[in-house]
Amino acid sequence: MQPFCVSIRTLLLSVLLSRPGEGQFQVIGPREPVVAFVGEEVVVSCHLNPSIDAQNMEVRWYRNDPSGLVHYYGTSQDHMDQQMPEYQGRTKFLKENITKGLVALRIHHIRPSDEGEYVCFFESSTFYNKAQFKVLVTVSGTAPHIHIEPGNRMDMKMTCTSTGWYPEPEVQWRELQGPHLAPAFETKKIEENGLFHVESSITADKNSRADVSCVIRNLILSVEKEVHVSVADTLFPEDCPWAVGFAVFLSLLAFGATISVLFVCTRKAKGSLKKKHGELVYF
Ligand SMILES: *[C@@H]1O[C@H](CO)[C@@H](O)[C@H](O)[C@H]1NC(C)=O
């Protein structure tokens with residue numbers, strides 16, 4: 001409430017008392033959105049034009065509405081009591097250039113919820129003005145990881161997972177020298193820390209020799225992380241070499257027996273694929 005009352009008072013004062021132009025100023029904030037990294041700090045600055053001394057002005061930084069105070073500086077001191085709880089202990093008003101009309105605010109430990117519109121508002125005894133600017137919060141997550149498990153008879157299911165992204169990343173499956181593959185299943189969920197966890201699956205033919213990769217992309221930073229897996233690596237005899245030899249031996253005895261041992265081995269190999277390829281594809 002209070003900022004509003006003060007503003008109305010100042011508005012009346014400026015209408016009644018000021019001669020046009022005198023004591024007036026423009027506030028200039030960041031023209032481009034400010035990119036802030038999760039967990040790090042960001043400095044946003046606003047300055048007056050003309051560059052007049054702002055030492056005796058009140059400077060407020062707020063979110064969408066003036067009662068959402070991020071930081072309040074007035075009568076030569078910080079007023080922390082009206083600050084929104086989520087910014088407590090995370091802001092520092094930088095006033096080394098305040099006599100030239102330039103101030104800045106440092107926000108520590110950036111979180112996803114810091115993203116959005118901000119206002120810096122200057123108020124002198126006769127005039128007030130403000131600038132609005134935008135803060136974009138971002139972070140790139142972990143390198144993706146592909147997990148493979150057997151699907152139906154000739155299929156296998158590949159699942160790509162990665163965590164710790166903001167904002168929502170783009171997920172793409174690619175076949176080497178091929179088109180993008182459409183995922184059969186995809187989820188992007190926000191975890192407790194406000195960051196995105198993504199999971200995307202495709203189904204691939206066991207006999208295909210394709211090289212497949214999963215790419216996760218942060219669209220703000222144009223950063224991508226990729227993991228690559230070769231489907232040809234997942235052939236069965238590698239999983240069960242002893243049984244192949246054993247089967248050959250048995251084939252000397254009975255052709256029928258060979259068939260059944262291979263069948264058993266194949267089923268076993270399916271079961272062990274999951275673990276084996278979990279390790280294989282870590283880069
Ligand atoms: C104050 O001005 C100096 C010189 O222009 C500059 O290097 C410094 O970064 C400014 N400080 C802030 C907090 O903006």
Side-chain angles (χ1 to χ4, degrees), residues 2-4 6-7 9-11 13-14 18 21-140 166-167 194 218-223:
Q2 202 198 348
F4 258 113
V6 174
S7 305
R9 189 197 68 199
T10 313
L11 177 68
L13 277 176
S14 57
S18 79
E22 187 168 308
Q24 296 190 4
F25 50 82
Q26 245 186 316
V27 180
I28 298 162
R31 290 177 202 278
E32 300 291 324
V34 178
V35 175
F37 292 85
V38 172
E40 296 183 15
E41 61 179 45
V42 72
V43 175
V44 287
S45 57
C46 287
H47 67 274
L48 303 182
N49 180 27
S51 50
I52 51 179
D53 187 350
Q55 266 182 110
N56 298 316
M57 294 189 192
E58 296 198 340
V59 183
R60 295 186 187 81
W61 304 81
Y62 55 82
R63 297 295 300 263
N64 307 322
D65 101 76
S67 63
L69 268 178
V70 173
H71 197 99
Y72 174 24
Y73 174 88
T75 55
S76 304
Q77 56 181 304
D78 298 300
H79 298 272
M80 307 312 251
D81 49 323
Q82 293 172 48
Q83 190 176 40
M84 283 193 288
E86 54 266 47
Y87 288 96
Q88 270 163 20
R90 291 203 297 133
T91 59
K92 183 160 173 46
F93 184 65
L94 307 175
K95 53 179 190 288
E96 63 194 69
N97 299 322
I98 197 168
T99 55
K100 292 178 276 177
L102 173 84
V103 298
L105 186 70
R106 185 188 293 141
I107 307 173
H108 298 268
H109 308 300
I110 290 291
R111 325 166 165 169
S113 58
D114 293 335
E115 180 159 286
E117 299 287 339
Y118 285 73
V119 170
C120 56
F121 179 98
F122 287 71
E123 182 169 6
S124 72
S125 53
T126 58
F127 191 72
Y128 69 86
N129 213 338
K130 65 183 182 179
Q132 191 168 351
F133 60 93
K134 192 173 195 154
V135 171
L136 295 177
V137 172
T138 192
V139 69
S140 290
Y166 196 88
N218 176 321
L219 296 173
I220 291 180
L221 301 174
S222 298
V223 163

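Atoms within each ligand, like the ligands themselves, are counted from 1 in listed order. Keep in mind that what you see is a predicted model, and the values were worked out from it rather than measured.
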Side chains of [X] and [Y], heavy atoms from C-beta outward: is any pair under 4.5 Å?
X: W61; Y: V119; result: no
X: I52; Y: M57; result: yes
X: V44; Y: F133; result: yes

Can you pull the residues with any heavy atom under 4.0 Å from ligand 1? L94, E96, N97, L102

So salt bridge (Lys or Arg N to Asp or Glu O under 4.0 Å) across residues 79-96, not counting sequence neighbours, yields R90-D114

Can you say whether the rings of F121 and Y128 are parallel (under 30°), tilted (30 to 60°) or perpendicular (over 60°)?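 Rings of F121 and Y128: parallel, as their planes differ by under 30°.
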
Should the ring pair F93 and H71 be called parallel, tilted or perpendicular, given that the plane angle runs from 0 to 90° and is split at 30 and 60? parallel

